[in-house]
Amino acid sequence: MSVIVFAETRDQQYKKSTLEAVSYGKEIAQKTGGKVIAVSMGNASDPSLLGNYGADEVITLHSDTFSAFSPEIYAAAFADICKNLGGKTIIISNTYSGKSMAGRVAVLLQAALATNVVDYPDTTSGFRIKRGVFSGKAFAYVDLQSETKVLAITPNSVEIKTYGTTAAVSAHQPAALPASATRIESTQTVSGKVPLTEAEIVVSAGRGMKGPENWHMVEELANSLGAATACSKPVSDMHWRPHSEHVGQTGITIKPNLYIAIGISGAIQHLAGVSSSKVIVVINKDAEAPFFKAADYGIVGDALEVLPKLIQAAKTATAG
Amino acid sequence: MKVLVCMSVVPDTTTKITFTNNDTTFNTQGVQFIMNPYDELALTKALDIAEPVGGAVTIIHVGTADAEPAIRKALSMGATDAVRINAAPTDAQFVAEQIAAYAQDKAFDFIMTGRESIDYNGGAVCGLLGALLGIPSINVITQLSVTDKTAHLERDIDGGRETLTCSLPFVASAQKDLCEPRIPNMRGIMAARTKPLQAVEPIASANHAVYSRFELPQPKQGVRMISADNPEELLHLLRNEAKVI
Ligand SMILES: Cc1cc2nc3c(=O)[nH]c(=O)nc-3n(C[C@H](O)[C@H](O)[C@H](O)COP(=O)(O)OP(=O)(O)OC[C@H]3O[C@@H](n4cnc5c(N)ncnc54)[C@H](O)[C@@H]3O)c2cc1C
Ligand SMILES: Nc1ncnc2c1ncn2[C@@H]1O[C@H](COP(=O)(O)O)[C@@H](O)[C@H]1O
């Protein structure tokens with residue numbers, strides 16, 4: 001009855017979403033019994049630290065092929081170890097890489113699959129999960145009926161819990177892996193920046209910023225708060241910002257603790273992607289902008305005038 | 001060249017989402033259904049690759065006959081023919097199993113899906129199909145070209161982008177930057193009327209998941225306004241009241 005967690009890394013460090021996934025696994029194991037086993041593929045600097053977040057054991061798998069991420073190879077190796085360990089509940093982060101392997105893992109284990117999971121399951125009778133649907137406009141409760149379940153947990157959905165323990169680490173040999181049909185030619189990552197989908201604070205701006213030349217203020221505010229930056233669809237359509245920053249119904253759905261929307265009107269398609277944010281701040285020069293209805297805090301004013309003052313205040317506040 | 005493009009049919013993006021029957025059923029009253037926006041990109045890219053080499057692009061949809069206007073739109077964009085698996089889908093796994101059963105023996109050079117359907121947002125069909133058919137799956141691609149049985153792709157990864165190659169066949173899911181969606185022209189719309197749209201009965205498939213209930217997000221308590229001259233107060237509230245910084 002073990003709960004198996006896929007421990008995703010970036011630059012050999014466990015991501016915040018991985019710690020959430022381990023804590024999530026622990027919560028389930030406490031209800032359904034069984035151990036929490038974290039599986040770490042490739043090189044991670046300190047596997048034993050996952051114990052502090054609820055892992056009873058950590059299994060590390062090493063292979064040269066793991067240096068490049070291939071959903072087929074990762075899913076094959078991970079599903080194989082899940083089978084060997086008798087894992088019935090499989091936890092993966094709902095990140096780009098996590099989501100791209102979750103479906104394959106579910107097929108290999110003949111499991112039920114639920115992506116976009118935003119809360120702990122209800123196991124009082126059966127196994128009922130809560131997932132985001134209609135791009136954040138609603139939630140669905142879904143009963144997973146197969147004995148084995150693969151859950152992909154949306155980052156920033158559950159709290160990280162600590163237990164003050166370390167986990168036993170053992171290295172396993174991966175099963176014979178298929179040759180990958182894909183070959184990675186090059187990877188470009190923006191280092192030192194929080195990825196949007198995992199950020200706790202997001203500073204986002206729209207057409208009200210007037211032009212890309214004003215975005216340095218958005219970035220400065222984001223930097224002073226340790227936030228990621230995002231934008232509305234027209235802003236990325238006009239190439240003021242890269243499309244990877246576009247949030248909303250046809251962009252990325254996010255749920256940070258704090259979403260600051262500057263010069264964004266609050267169209268239904270935009271709100272869809274951000275309304276799960278815990279706290280929303282809206283800055284808009286139009287007091288009638290629809291976004292204020294979805295906000296917790298609001299400032300009516302010209303962004304180009306408010307931002308310098310806000311940046312100053314944020315720098316003072318975060319320095320103290 | 002033979003390409004298969006999977007399409008879902010979803011509520012128009014302006015739809016106000018509501019539920020009926022004690023929140024167990026999505027209320028389709030007055031809702032306009034459209035071709036999933038990401039699938040327009042998937043189809044456009046497939047056409048751009050197949051047309052110059054005289055290839056064929058088949059559209060596949062798992063769903064009821066209500067979807068036929070949306071399928072005709074895909075045909076009017078340029079798809080060669082369409083297949084509808086005649087079943088109301090229960091979840092992404094059901095959809096993927098139906099499509100895999102159809103595609104199994106048809107030797108498609110590659111298969112395209114959208115990044116996610118904007119109704120149930122599973123983002124799952126691409127990976128499921130890859131595993132069911134035993135071929136590579138490449139999610140959220142922003143570039144694709146095919147030369148000599150090799151595909152050159154770019155995909156979004158967490159915090160960046162990756163360039164890769166892949167041998168055929170494979171399945172990939174379309175992300176926003178892939179291309180601009182084609183707008184059907186008059187000739188396309190006329191031609192679509194007579195293009196083949198075949199209905200196929202579903203295979204038996206296990207039901208892994210049952211949607212039991214829906215819920216709308218909690219409405220906000222009301223907005224607290226702060227003077228534009230006092231951003232310090234905003235930061236103070238965010239730190240001490242909301243506790244988010
Ligand atoms: C099929 C479809 C899908 C879509 N998907 C998305 C999506 O995923 N995400 C998305 O964001 N949109 C999406 N949209 C577009 C959406 O409908 C809106 O058009 C868009 O969100 C508006 O962007 P905006 O708020 O930046 O611009 P605008 O609507 O132009 O709003 C600009 C706002 O800035 C304010 N403003 C102007 N000047 C200033 C200033 N100096 N200081 C402060 N405030 C100022 C104005 O009062 C206004 O409220 C979609 C639309 C369609 C049809
Ligand atoms: N009912 C369906 N019929 C055919 N293809 C579908 C269907 N549902 C989803 N898809 C495809 O799978 C993609 C991802 O959908 P999903 O995994 O449901 O988010 C969509 O963009 C479509 O390409």
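Each chain gets a letter, A, B and so on, in the order its sequence line appears, and its residues count up from 1. Just so we're clear, the structure is a prediction, and the values are computed from it rather than from any experiment.
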Among A:Ser97, A:Ala106, A:Ala75, A:Gly301, which residue forms the greatest number of heavy-atom pairs with chain B at distances under 4.5 Å? A:Ser97
Under 3.5 Å donor-acceptor, A:Asn116 side chain and B:Asn121 backbone: yes
Chain B contacts, top residue of A:Thr253, A:Thr187, A:Ile73, A:Val306 (heavy-atom pairs, under 4.5 Å): A:Thr187
Under a 3.5 Å threshold, yes or no: a donor from one side chain and an acceptor from the other, between A:Ser244 and B:Asp156? no
Should B:Gln175 and A:His243 count as side-chain neighbours, where that means a heavy-atom distance under 4.5 Å? yes
Structural part of A:Glu305 lying under 4.5 Å from a heavy atom of chain B: neither
Under 4.5 Å to a heavy atom of chain B? For A:Ser17 that would be neither
For chain B, the option from A:Val279, A:Asn94, A:Leu225, A:Leu196 that forms the most heavy-atom pairs under 4.5 Å: A:Val279
Heavy-atom contact with chain B under 4.5 Å, split by part of A:Val281: side chain
Which of B:Leu133, B:Leu129, B:Leu128 passes side chain to side chain contact (heavy atoms under 4.5 Å, CB included) with A:Val107? Answer is B:Leu128
Proximal component of A:Ala102, with respect to chain B [non-hydrogen, under 4.5 Å]: neither
Donor-acceptor side-chain pairing of B:Lys176 and A:Ser236 below 3.5 angstrom: yes
Taking side chain as everything from C-beta outward and backbone as N, CA, C, O, which of these in A:Glu200 sits under 4.5 Å from a heavy atom of chain B? Side chain, backbone, both or neither. neither
Using distance alone, with no hydrogens and no angle criterion, decide if A:Tyr297 and B:Glu241 have a side-chain donor and acceptor under 3.5 Å apart. yes
Non-hydrogen side-chain atoms of B:Glu116 and A:Thr115 separated by less than 4.5 Å: no
Tell me, side chain or backbone of A:Phe69 under 4.5 Å from chain B's heavy atoms, or both, or neither? both
Step by step, work out the ring-ring contact (aromatic ring centres under 6.0 Å, His included) result for B:Tyr211 and A:Tyr141. CA-CA 6 Å; B:Tyr211 278 75; A:Tyr141 292 88; over 10 Å; no
Under 4.5 Å to a heavy atom of chain B? For A:Ile252 that would be both
Which region of A:Ile283, side chain (C-beta onward) or backbone (N, CA, C, O), has a non-hydrogen atom less than 4.5 Å from a non-hydrogen atom of chain B, or is it both or neither? neither
Bottom line for A:Ala287: the part with an atom under 4.5 Å from chain B's heavy atoms is neither
Heavy atoms from other residues, nucleotides or ligands near CG of B:Asn22 exceed 12 (cutoff 6.0 Å): no
Give, as side chain, backbone, both or neither, the part of A:Ile184 having an atom under 4.5 angstrom from any heavy atom of chain B. both
Shorter than 4.5 Å, heavy atoms on both sides: which option in A:Ala114, A:Gly298, A:Gly103 has the most such pairs with chain B? A:Gly298
Non-hydrogen atoms of A:Lys278 and B:Lys220 that approach each other most closely: O-NZ, 3.3 Å
Do you know which of A:Pro195, A:Ala227, A:Ala272, A:Ala140 has the most heavy-atom pairs under 4.5 Å to chain B? A:Ala140
For A:Val142 and B:Val210, run side-chain contact (heavy atoms from CB on, under 4.5 Å): C-alpha distance rounded to whole Å, both residues' side-chain angles, the deciding distance at 0.1 Å, then the answer. CA-CA 5 Å; A:Val142 186; B:Val210 175; 5.8 Å; no
Pair count under 4.5 Å, heavy atoms only, with chain B: among A:Glu72, A:Lys15, A:Gln188, highest is A:Gln188
We want to know whether A:Glu185 and B:Thr165 form a side-chain donor-acceptor pair, criterion being a heavy-atom distance below 3.5 angstrom. yes
